[in-house]
Amino acid sequence: MYWSVVLTLAPDGFLGANELDTRARLAVALGAVVLPLFALGALVHGARRHPELWGKLEALGDALLPALALPFVLALLTRAGWRDAPTELLLLTGAVAVFLEYALGRALPRWRELWPATERLEKLDGTPWFRWVLRGMLAALVLFYATRVSSLTIMNHRRLGTFSADLAEFDSLFFNTLHGHPFRSPPIDGTLEDWSALKVHFELLLYALLPFYAARPGPETLLALQSAIVALTAIPLYAFAARRVGESLALLLALAFLLMPAVERPNFYDFHFLPLGMLCVMTVIAVADRVASGAAPRRRWSVLLAFTFAVALLSREDVAFGLGILGLVLWASRGAPRAGLAMAAVSFGWYGVVRFVVMPRFGEMWFVDIYATLQAPGTTGAGGVVATLLTNPAFVLRKLWTVERFRYLLELTVPLAFLWVRRPWLLLAALPGLPFTLLVTDRPPLFSTAFQYVYHWIPYVFAATVLGLEALGRESRTQRTAAAGALCF
């Protein structure tokens, strides 16, 4: 507790540069080390003389154990000390989260003994009125994110923060398509031919967004649309989590999604279709879960799955790769094996045909070059990269192990309290995004969470987090609540 007071009152220089005068430093040492040790010795001496106190002291210690994290929490909230140390910040945050989960696991049973009303609070989750309160809160969170982040991205644009070519390319793409020149975007490479932009990405859902753009053509409309799409992704995530872990934890996960830096940062990087792909994929996951569970009427859910799956394929060609992985998981889970196998076959077939047959007919792009370091000598194209991955994994690991990639993984695991990496089978959530981010060798932005390619990871990582929480709940409800507490932190 004394440390908490010190960190609250101390200037930023204390954590940032170890600046503190000698008298104050002695006071810190006395209050944080000497006095606690003296108090601990007095408690042990008293307990030896009165053995009945041991049980009470143990119960009190368990109940107060989470408070030991408070000094570190306050230290983490000091900006000056961590401004130039993002990796260290993530590592300490993860360590505190792990300790908090352990401490809450010890403390929760004691809290229930001291305050039986906590059990009644836990039972609120199933009541109809509480369910509608949670859904109202979800709607408010989604609306707040959509409006607030839209205004911030537009402000960023007006301050010339959108300085790359991407926003201009998409604005031109929408404008030309609106005026009868489909998929023409001269800012990409100066080409004036219709359909030429399809050599970059196969994004047929442009037509679904075109009416919104037509209402007020311009880049600011695209930025607002993107923010709304990101916000709406929280709704299918909530629906999926509510079935698996209850609506209270579903709201917590939706909030974690909207607050996660890896979700927010790419929202400010111009405009792209991957956020739309993320929304489509999360919807497919939620609907596929209903189909796999045998929810009635199953036929209606199966039709809805087919529709949402088709829409997701049209969002962008590389989204199909992740959907193929999802189909294989659905097939292996035996909940809906035929639907899963069909999804996998269609997804991988669509990706192969569109990416390697259709798109090259409109022109060549530099995508294979981003794996140049992994290209096997004497080979060309994607085949040379695959050959290296299969025959020389040690070389691949040596080339890919960097601090930036390690931080990328921390940014996808620490904010979710490591919940999606605790079971080996949950690691399948990394496969949809792996080829487009961490395996890239010659284009650093692709393995930065400020870049939109992180949206290849997000729906699968959050779905795996839900399943991780569900698995913890099957083992121990207290442990799941403790993990939720760590997630709150």
Side-chain angles (χ1 to χ4, degrees), residues 117-151 212 224-260 263-264 267 275-276 278-298 300-301 303-305 307-308 311-312 415-417 419-420 455 458-473 477 480-481 483-489:
T118 54
E119 294 185 6
R120 290 196 295 271
L121 288 174
E122 291 175 357
K123 293 178 181 178
L124 282 176
D125 199 29
T127 58
W129 67 269
F130 190 65
R131 190 179 304 134
W132 284 108
V133 168
L134 293 175
R135 293 174 182 178
M137 294 172 67
L138 172 68
L141 289 171
V142 169
L143 183 62
F144 177 78
Y145 183 99
T147 54
R148 179 61 177 158
V149 176
S150 290
S151 66
F212 299 98
L225 268 175
Q226 179 168 254
S227 300
I229 288 167
V230 171
L232 288 171
T233 307
I235 295 176
L237 170 61
Y238 180 93
F240 174 69
R243 282 193 74 271
R244 293 282 184 168
V245 295
E247 301 215 19
S248 294
L249 289 181
L251 183 67
L252 172 61
L253 287 159
L255 180 61
F257 169 81
L258 295 173
L259 289 177
M260 191 166 177
V263 172
E264 293 179 347
N267 200 160
L276 185 59
M278 176 178 67
L279 170 61
C280 293
V281 169
M282 197 66 245
T283 305
V284 170
I285 291 173
V287 176
D289 185 53
R290 295 298 296 257
V291 173
S293 68
R298 183 159 184 169
R300 187 180 302 171
W301 283 107
V303 171
L304 183 59
L305 175 61
F307 174 75
T308 54
V311 171
L416 296 175
L419 283 163
W420 67 273
Y455 290 143
I458 295 298
Y460 304 102
V461 162
F462 270 89
T465 299
V466 172
L467 297 178
L469 272 174
E470 184 185 33
L472 279 177
R477 187 172 180 180
R480 184 175 72 180
T481 307
L487 183 60
C488 285
F489 159 72

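Starting from 1, each residue takes its place in the sequence as its number.
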Would you tell me whether Tyr145 and Asn267 have side-chain atoms, one donor and one acceptor, within less than 3.5 Å of each other?
yes

Reported CD-to-CZ distance for the pair Glu470 and Arg243, which is rounded to 0.5 angstrom
9.0 Å

Rounded to the nearest 0.5 Å, how far apart are OH of Tyr455 and CG of Leu276?
12.0 Å

Of the non-hydrogen atoms in [X] and [Y], which two are nearest, and what is the gap between them?
{"X": "Arg480", "Y": "Leu469", "result": "CD-O, 3.1 Å"}
{"X": "Leu138", "Y": "Ala254", "result": "CD1-CB, 3.7 Å"}
{"X": "Met278", "Y": "Pro459", "result": "CG-CD, 3.8 Å"}
{"X": "Leu237", "Y": "Met282", "result": "N-CG, 3.7 Å"}
{"X": "Ala146", "Y": "Ser227", "result": "O-CB, 4.0 Å"}
{"X": "Leu259", "Y": "Glu264", "result": "CA-OE2, 3.5 Å"}

Given side chains that start at C-beta, do those of [X] and [Y] come closer than 4.5 Å, heavy atoms only?
{"X": "Tyr460", "Y": "Ile285", "answer": "yes"}
{"X": "Leu472", "Y": "Leu419", "answer": "yes"}
{"X": "Val149", "Y": "Val230", "answer": "no"}
{"X": "Leu255", "Y": "Leu141", "answer": "yes"}
{"X": "Trp301", "Y": "Leu305", "answer": "no"}
{"X": "Leu253", "Y": "Leu487", "answer": "yes"}
{"X": "Ser248", "Y": "Leu134", "answer": "yes"}
{"X": "Leu416", "Y": "Met260", "answer": "yes"}

Please determine whether a side-chain nitrogen of the Lys or Arg among Arg135 and Glu247 lies less than 4.0 Å from a carboxylate oxygen of the Asp or Glu.
yes

With side-chain contact (heavy atoms from CB on, under 4.5 Å) as the criterion, how do Leu252 and Cys488 come out once you've worked through the C-alpha distance, each side chain's angles and the decisive distance to 0.1 Å?
CA-CA 7 Å; Leu252 172 61; Cys488 285; 3.6 Å; yes

Of the options Phe257, Phe240, Tyr238, which is the one that meets Phe462 in a ring pair (Phe, Tyr, Trp, His ring centres under 6.0 Å)?
Phe257

Residues at least two apart in sequence or cross-chain that pass side chain to side chain donor-acceptor pair (under 3.5 Å) with Thr147, listed by chain then number, are none

